[in-house]
Amino acid sequence: MRLNPALEVARKDLLSFFRSKSTLFWTLAFPILMMLLFSSMFGGRGAMFTVAVVDRDGGTISRAFLDGLNSTNVTRLISSESVDEARSLVKDGKADALLIVPRGFSGNLTSGSSAELIIYTSEDPQVRTAVTNMLKGFIDAFSEEYRKRALAVLEERMPPEIQGGGMNLTRRRAIDYLQSLAEPVRLRIASVAKPEVTSDTAAYWKEEGHWVTVMLAYTLIFSGMVGAASLLAYEKLLGTVKRLIASPASRWSLLTGKLLGGLAILTLSQVILVLLTILWLRPEVSWTPLIIPIVVAGDLASLGLGLLVVELSPNPKAASEAVTTVGIMLQFVSGLYFPLSFLPGPLRSLAEAIPFTWAVKALDGLMVMGEGLESVIAPAAYLAVAALVFTSLAWILFPRWARVE
Amino acid sequence: MNALEVERLTKVYGEVRALDSVTFSVVEGEIFGLLGPNGSGKTTLMEVVAGIRSPTSGSVRVFGLDAFRRREEVSRLIGFNPQETMLYGDLSGWENLRFVAALYGLDGREFRERVKELSEILGIRHFLDRRVDRLSGGQRRRISLMASVLHSPRLLILDEPTVGLDPEARRDFWDVIWRLRDEGSTILLSTHYMEEADELCDRVAIIDRGRVVALGRPEELKRRHGGTARVIVYPKLRLLEEVERVLREMGLEVTRTGDGLAVETGNPEERVPRLTAYLSSRGLRPERIEIRSPTLEDVFLNLTGRPLAEVMG
């Protein structure tokens, strides 16, 4: 087999790719738009709630509390001089809630009394629940931190043994006792299975490292299949397949050219998309060369599947419809947009059998969860087998497809 | 030497015999036409010769080589230009040519010189850098033809090369085909334009329903199967019936052709003055008189029993 015709086919397909506006949109612009949309909806950049704050205390602890709240990335605080002004901000929809830090907040905490905060929320029940839960969560975390520090100070100042009133306690025991009074019941939540990357859809999207997976996996699942299918189908649509077959180039070199062209287009798209994701979200991900076998095997599996669908379809139009449908379906069941745990039982079992689901899991495992070689071997092997099966079948069926009958 | 030898070539699709034991040969250096209506099997025949379709039975030899067993060698001898322009619309003419040339192992200086030479012949130099989907149909056809002849094929197969072109563009294209023949190519072309086959081809095979029904030089076919010449008299419409009656009085066999009355004759030059004189003597002066020599259309009608226009729908 002469390699030159294969390289020329790849080169020509690459040239066509960069000149097709619709292909460029679906391959590059669409995933970027998805990233911008979902990361601005759920992502950590930019606050989700605006809270008007009236700090009547003005003490060191109240300032530390508000600074902490402001740095959570889920709130944006607006300082107000008066309650009336803050209330009108909520009424006008410019703020979701009003938080009042009463006079004596810092003093109460340092003197051993409990301190109080007052929250007024918007009338929208969804906003009320969300903002209340968010503030409660922050207050819990703040209280726990405060309690830890107060007990540490107390432990330092306490004598080694405390006696009297019928009690005889060591310092450590006394501190534990005080801890139990402050928090009589502690809830610890753990999963029986290996934890998913995240536990809910919003968090899934908020996990910025997952976006790198999305960019790589979207390309290998959707762009790979649809791209390979259109690279082949349009030769028949244009009638150019006749010129290819009439030429001395072997049919094998033509298919190899299609695979090489597809692989070059996918790799280039993946590099561009990952670079844009890094620039936009600055995600903290683990970069490891182990990503390469997953991506390359995934790309080849997707390209092979795309070619196969075209070869099995009765005509280019049917091929295009089939490959788009399968490509969209695979995006939604492969864990790309939401965790597999969201899928109903049978669909989840089906999803777990799909090689691309393994690619998503492996990429998340490597880049987001910092896993190592052991988490790559099985998915890489499975993807490689899928790539081999799909491309071999595409190879076998190609002469039959290429024949004009 | 024969450039092409087709022997008992048959192609069957289910119940349909697209080609039925087709046999003919094309002599090196000639322009050979396949003439027939759409669906007669011309395209199937050309695609089998070009190696795009496989036959059910029969053999094809190109310059003595078996076209199916020695496909790669034969494909270098053949340039195939199908009905579709077979170009990538999002690439420029130059990029399309470069791609096709590479499939035939032609590149570098050799490619550039060949493009220069052919673009002069085909008159396409000024639009080679433009994207193909922004070119006119005629311009695309020229680039497609150029792509088919880049590798200097000895046998050029052109399937309906002028379909869709206006008469002027069609004549320009004929000039190109003659020039390519003069350059040394043997040309096998299909057409359903009778005048094109008549004007352009050295020899013609008339194909109908997958069979060759006649083969020979156009003049020879017309002489053998075209029937006699016809004189067509066009009287004033209100006098049509009276003139018809008078012509029958002269012992002539008359058939109506629209507004005219056709009289078959072996010697039209002699017949016309006599007709005019007789009609004048009866006070009937025709509006005009036409002499029609037999055409390949008549050949098709006489051989198949159907007018070509009817078959073309």
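Proteins get letters first, then strands, A, B, ... in listed order; numbering begins at 1 in each. As a basis for the values below, the full set of heavy atoms in this structure was taken, side chains included, without hydrogen atoms, waters or symmetry mates.
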Asks: Does the pair E183(B)/R179(B) count as a salt bridge with the N-to-O cut at 4.0 Å?
Replies: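 No, E183(B) and R179(B) are not salt-bridged.
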
Asks: Distance under 6.0 Å and angle within 45° of the ring axis: does K236(A) meet both against W401(A)?
Replies: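 Yes, K236(A) sits over the ring of W401(A).
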
Asks: Non-hydrogen atoms of chain A under 4.5 Å away: do they reach the side chain of V100(B), the backbone, both or neither?
Replies: side chain

Asks: Is E73(B) in contact with chain A via its backbone, its side chain, both, or neither, using a 4.5 Å heavy-atom distance?
Replies: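 Nothing of E73(B), per the 4.5 Å heavy-atom cut-off to chain A.
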
Asks: Report the option among A18(B), P82(B), S144(B) that has the most heavy-atom pairs separated by less than 4.5 Å from atoms of chain A.
Replies: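 Most pairs with chain A among the choices: S144(B).
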
Asks: Is T85(B) close to chain A through its backbone or its side chain, or both, or neither, when contacts mean heavy atoms under 4.5 Å?
Replies: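 It is the backbone, since no side chain atom gets that close.
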
Asks: Ring-plane angle category for W94(B) and F111(B), please: parallel below 30°, perpendicular beyond 60°, tilted otherwise.
Replies: perpendicular

Asks: Is N81(B) in contact with chain A via its backbone, its side chain, both, or neither, using a 4.5 Å heavy-atom distance?
Replies: side chain

Asks: Is the Lys NZ or Arg CZ of K242(A) less than 6.0 Å from the centre of F80(B)'s six-membered ring, within 45° of the axis?
Replies: no

Asks: Which bit of A147(B) is near chain A, if near means a heavy-atom gap under 4.5 Å: side chain, backbone, both or neither?
Replies: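 For A147(B), heavy atoms of backbone and side chain both lie under 4.5 Å from chain A.
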
Asks: Are R400(A) and E311(A) within salt-bridge range, i.e. N to O under 4.0 Å?
Replies: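 Here R400(A) does not pair with E311(A) in a salt bridge, since their nearest N and O are not under 4.0 Å apart.
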
Asks: Establish, yes or no, whether the cationic atom of R170(B) lies under 6.0 Å from the six-membered ring centre of Y193(B) and within 45° of the ring axis.
Replies: yes

Asks: Measure distances from L87(B) to the heavy atoms of chain A and classify the residue's part below 4.5 Å as side chain, backbone, both or neither.
Replies: both

